[in-house]
Amino acid sequence: MALQNTSRAHDLSPSAGVRQIGNFIAGAFVPAASGRRFEKRSPLDNRVISSIAEAGHAEVDAAVGAARAALDGEWGRMSTEQRVSLLYAVADEITRRFEDFVEAEMADTGQPRHVMTNAFIPRGAANFKVFADVIKNVPTEAFQMATPDGTGALNYALRVPKGVVGVVCPWNAPFMLMTWKVGPALACGNTVVVKPSEETPNTATLLGEVMNAVGMPKGVYNVIHGFGPNSAGEFLTRHPGVNAITFTGETRTGAAIMKAASEGMRDVSFELGGKNAGLVFADCDFDAAVDGIFRSSFLNSGQVCLGTERVYVERPLFERFVAALKAKAEAVRFGRPDDPSANYGPLISHEHRAKVLSYYKKAVEEGATVVTGGGVPQMPQDLAEGAWVEPTIWIGLPDTAAVVKEEIFGPCCHIRPFDEEAEAVTLANATDYGLATTIWTTNLARAHRVAARIDVGIAWVNSWFLRDLRTAFGGARQSGIGREGGVHSLEFYTELRNVCVKL
Ligand SMILES: NC(=O)c1ccc[n+]([C@@H]2O[C@H](COP(=O)([O-])OP(=O)(O)OC[C@H]3O[C@@H](n4cnc5c(N)ncnc54)[C@H](O)[C@@H]3O)[C@@H](O)[C@H]2O)c1
Ligand SMILES: O=C/C=C/C=C(\O)C(=O)O
C-alpha cells in the first residue's frame, strides 16, 4: 500500500484523488495495526483530500521505541559536527523540495501561495540551519575552585540530550512550528516523536522523506498521526519513554499535557494562546501602522498566535485608522492558494469556522458596532463548501466583553480609542495571556517605555512577526512556559551535567 506518494506534487484541483498518509516510524511509512484511518478535508471546498492512518498505542510504543533505539545507536555516538552536517543536509533537501512543501501545506491549510513561499516554508529550512549553528558555537561554562589541600578542582559543564522528545503541534503554521522544535531538539542530540495536528498531517510526513533522503539514522525522526484526547496526542504525552514534551497549541490543551507530563516528572516547553494587543499612537507613521495592524490581525486568516485581536488607537487617529483598516479588510480577494487573482484563504476547518462565527454572533449580542464583515462571504460554486469567513472589525465593545477577553483565532479585531499612554498600557495588560504586542509610534522614548511595561514575551515596535531566530521566543502568563530560540532552546533540549575534577 502506498502510504506516502513521493513522486506526485500535491494536486489542489477538485478532481485530485485522496492521498494516503502513514505514520513514519524508524524510517518507514507504516499503517496502523488497528486499521483505523481518519479523513482530512480541504478547507477550500470540504472535499476529502487525505486518508490518514491513526496511530494507536502500538504505533506510539513503536515510535518511542525507535527513538530510544536511535539514541543508543549511531545517532547517539555522532559528534556535534556530524549532527550539524546532517542538519544542514536536511535544510538543503527542504530547499530542494521547496515546491512539494509549499503544495503540501497549501493543500492542508488553504492559505495563499505567497504566505507559504515568503514566510512559512523558508522558515522550515532556517529552523534546522540556525540551531545547527547555535550548537556548534555555544561554549559551556567552567569554574576553577580552591580545595583545602591546595591542589584545587576544575568544574566544567557538559550539555547532554534530554533523550526522546515528544513534539505536539498545532495546525496554523504546521511546518514552521514543527521544525522550530524538531530543529533544536535534533541539534542537541535528542530524538523526536512528532504528533502533528490532525488537520495538517502533510508536511511532517513529507519531512520523513527528507530525513531518509539525507541518510538520517532511522528512528531519529518519527511521526505519529491522530487526535488529542484518547488518541495519539495523549498516548504520546503519557508515554513513560518520553523524556520531555514540547507543545504549541491552546492553553487548555497545555494544561492537560502538563498533567500528563507530571507523571514521571517530564519537563515541558509550552507556546500557548494569546489575546494580543496592538497599540497605535497618534505620532505613528500612519500608513505603516495600518499595514502592520492589517497583517497582525488578518495574516493567515487571523490564525497566528502572535496576531492582534485587540487594537488600541490614540483618539485623534481613531476614526481615520478604523476607516483605513476597513478599506484594507474589504479589499481582500478570497480564492484558491494558486489563483493569482486571489490573496486570501479560508479558516482551517468547518469546526473552527463555527467557533469563529459564534464569536461574530456574540460580538453583536455584546453590543459591538460591526465596521466590516461579520459573516461568510459569497463564494463561487466550486468553493461554496469551504470554511470561508469575512475579515471582521468591531468597535464599541466594553472592556469586559468576551470578544475582547477570549482568544478567537480568526480574522477579526476590536478597535478601541485611548487618551493616555498609561491607559493604553493598562488596557494592553488587561488579559490573562501575555504572548506578544505590537507598538506603533515614532517617539522612540515612548516605544522603549511602553515595550518594557507590557507583560508579554515578545514586544514588536513598528513591526510585527519580524523574527531573528537567535532571540528568546515564548509567552508570559497563560501564553506559555519557557523560552525557545537561539541558546534558549538549549536550556530545554539539553541537561547540563557538571563534571567536577579534583586536581
Ligand atoms: N504561542 C505560540 O507560539 C503559538 C503558536 C501557534 C499556535 N498557538 C496556539 O495554538 C492554538 C491553535 O492550534 P490548535 O487548535 O491546533 O491547538 P490545540 O491545542 O487544539 O491542538 C494542538 C495539538 O495538540 C493535540 N492535542 C489536543 N489535545 C491533546 C491532549 N489532551 N493531549 C495531547 N495532545 C493533545 C492536537 O491533536 C494537536 O496536535 C491557538 O490557541 C494558538 O494561539 C500558539
Ligand atoms: O502562530 C504562531 C506563530 C509562531 C511563530 C513562531 O513560533 C516562530 O516564529 O518561531
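Atoms within a ligand are numbered from 1 in the order they appear, just like the ligands themselves. The model shown is predicted, which means the values in this text are computed figures rather than measured ones.
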>> Checking V242 against V193 for the side-chain contact (heavy atoms from CB on, under 4.5 Å) test, could you report, in this order, the C-alpha distance in whole Å, the side-chain angles of both residues, the deciding distance, and whether it holds?
In response: CA-CA 9 Å; V242 170; V193 180; 5.8 Å; no

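Per-residue contacts place I257 under 4.0 angstrom from the following atoms of ligand 1 (heavy atoms of the residue considered): 32 (N), 33 (C), 34 (N). Below 4.0 Å from some heavy atom of R467 lie the following atoms of ligand 2, by number and element: 8 (C), 9 (O), 10 (O). Those atoms of ligand 2 that come under 4.0 Å of a heavy atom in R123, given as number and element, are 8 (C), 9 (O), 10 (O). Atom numbering of ligand 1 starts at 1 in the shown order; those under 4.0 Å from a heavy atom of K195 are 36 (C), 37 (O), 38 (C), 39 (O). Near V168, meaning under 4.0 Å from one of its heavy atoms, ligand 1 places the atoms 23 (C), 24 (O), 25 (C), 34 (N), 39 (O). Near L177, meaning under 4.0 Å from any of its heavy atoms, are these atoms of ligand 2: 3 (C), 4 (C), 5 (C), 6 (C), 7 (O). Set against the non-hydrogen atoms of T248, the atoms of ligand 1 under 4.0 Å away are 2 (C), 4 (C), 5 (C), 6 (C), 7 (C), 8 (N), 22 (C), 44 (C). Atom numbering of ligand 1 starts at 1 in the shown order; those under 4.0 Å from a heavy atom of N172 are 6 (C), 7 (C). Those atoms of ligand 1 that come under 4.0 Å of a heavy atom in L177, given as number and element, are 5 (C), 6 (C). Each of the following atoms of ligand 1 lies closer than 4.0 Å to a heavy atom of L272: 1 (N), 2 (C), 4 (C), 8 (N), 43 (O), 44 (C). Residue T253 approaches ligand 1 through these ligand atoms, each under 4.0 Å from one of its heavy atoms: 18 (P), 19 (O), 20 (O), 24 (O), 26 (N), 27 (C), 28 (N), 29 (C), 35 (C).
A donor-acceptor pair under 3.5 Å links the side-chain atoms of W388 to the main chain of L44, judged by distance alone.
Neither side chain, T372 nor E390, offers a donor N or O lying under 3.5 Å from an acceptor on the other. Side chain to side chain, E54 and S231 meet the donor-acceptor criterion of an N or O pair below 3.5 Å. Looking only at atom types and distance, the side chain of T109 has no donor-acceptor partner in the side chain of Q303 under 3.5 Å away. No hydrogens or angles considered: nothing links the side chains of T431 and K275 as a donor-acceptor pair under 3.5 Å.
Of all protein heavy atoms, the one closest to atom 15 (O) of ligand 1 is W171 NE1, 2.8 Å. Closest protein heavy atom to atom 6 (C) of ligand 2: F473 CZ, 3.4 Å. Protein heavy atom nearest atom 17 (O) of ligand 1, with residue, atom name and distance: E250 N, 3.5 Å. Looking at atom 2 (C) of ligand 1, its nearest protein heavy atom turns out to be C305 SG, 3.2 Å. Closest to atom 3 (C) of ligand 2, if we only count protein heavy atoms, is C305 SG, 3.1 Å.
Comparing F247, W180, F235 by heavy-atom distance to atom 22 (C) of ligand 1, the nearest is F247. For the residues G274, G228, G475, the heavy atom positioned nearest atom 30 (C) of ligand 1 is part of G228. Closest heavy-atom approach to atom 12 (C) of ligand 1 among the candidates F473, F227, F409: F409. Ranked by closest heavy atom to atom 23 (C) of ligand 1, the top entry among S479, C169, P170, G249 is C169. Between E234, H352, E271, it is E271 that holds the heavy atom closest to atom 3 (O) of ligand 1. Of the options E407, K355, R252, the smallest heavy-atom separation from atom 43 (O) of ligand 1 is shown by E407.
Residue contacts with ligand 2 for N300 are absent, since no atom lies close enough (heavy atoms, distance under 4.0 Å). Contacts between V304 and ligand 2, counted as non-hydrogen atom pairs separated by less than 4.0 Å, involve both the backbone and the side chain. Heavy atoms of L306 found under 4.0 angstrom from ligand 1: none, in either backbone or side chain.
Distances shorter than 4.0 angstrom occur between a heavy atom of P196 and an atom of ligand 1. Proximity of M176 to ligand 2 is established by a heavy-atom distance of less than 4.0 Å.
No side-chain heavy atom of V220 sits under 4.5 Å from any side-chain heavy atom of M211. Between N202 and R19 there is a side-chain heavy-atom pair separated by less than 4.5 Å.
Each of T205, I21, N23 was compared with I52 under the side chain to side chain contact (heavy atoms under 4.5 Å, CB included) criterion, and only I21 meets it. With respect to D100, the side chain to side chain contact (heavy atoms under 4.5 Å, CB included) criterion is satisfied by exactly one of T203, I121, L206: L206. With respect to S479, the side chain to side chain contact (heavy atoms under 4.5 Å, CB included) criterion is satisfied by exactly one of D455, L435, N276: L435. Remark: of the listed residues R68, E495, R266, R68 is the sole one forming a side chain to side chain donor-acceptor pair (under 3.5 Å) with N243. Considering W180, Y88, Y493 in turn, W180 is the only one that fulfils the ring-ring contact (aromatic ring centres under 6.0 Å, His included) rule with F131.
Of the N or O atoms in N172, one or more lie within a sub-3.5 Å distance of an N or O in ligand 2.
Note: F409 and W171 meet the aromatic proximity criterion, with ring centroids under 6.0 Å apart.
Remark: R470 does not engage D133 in a salt bridge, criterion side-chain N to carboxylate O under 4.0 Å.
N230 CG: 12 or fewer foreign heavy atoms inside a 6.0 Å radius.
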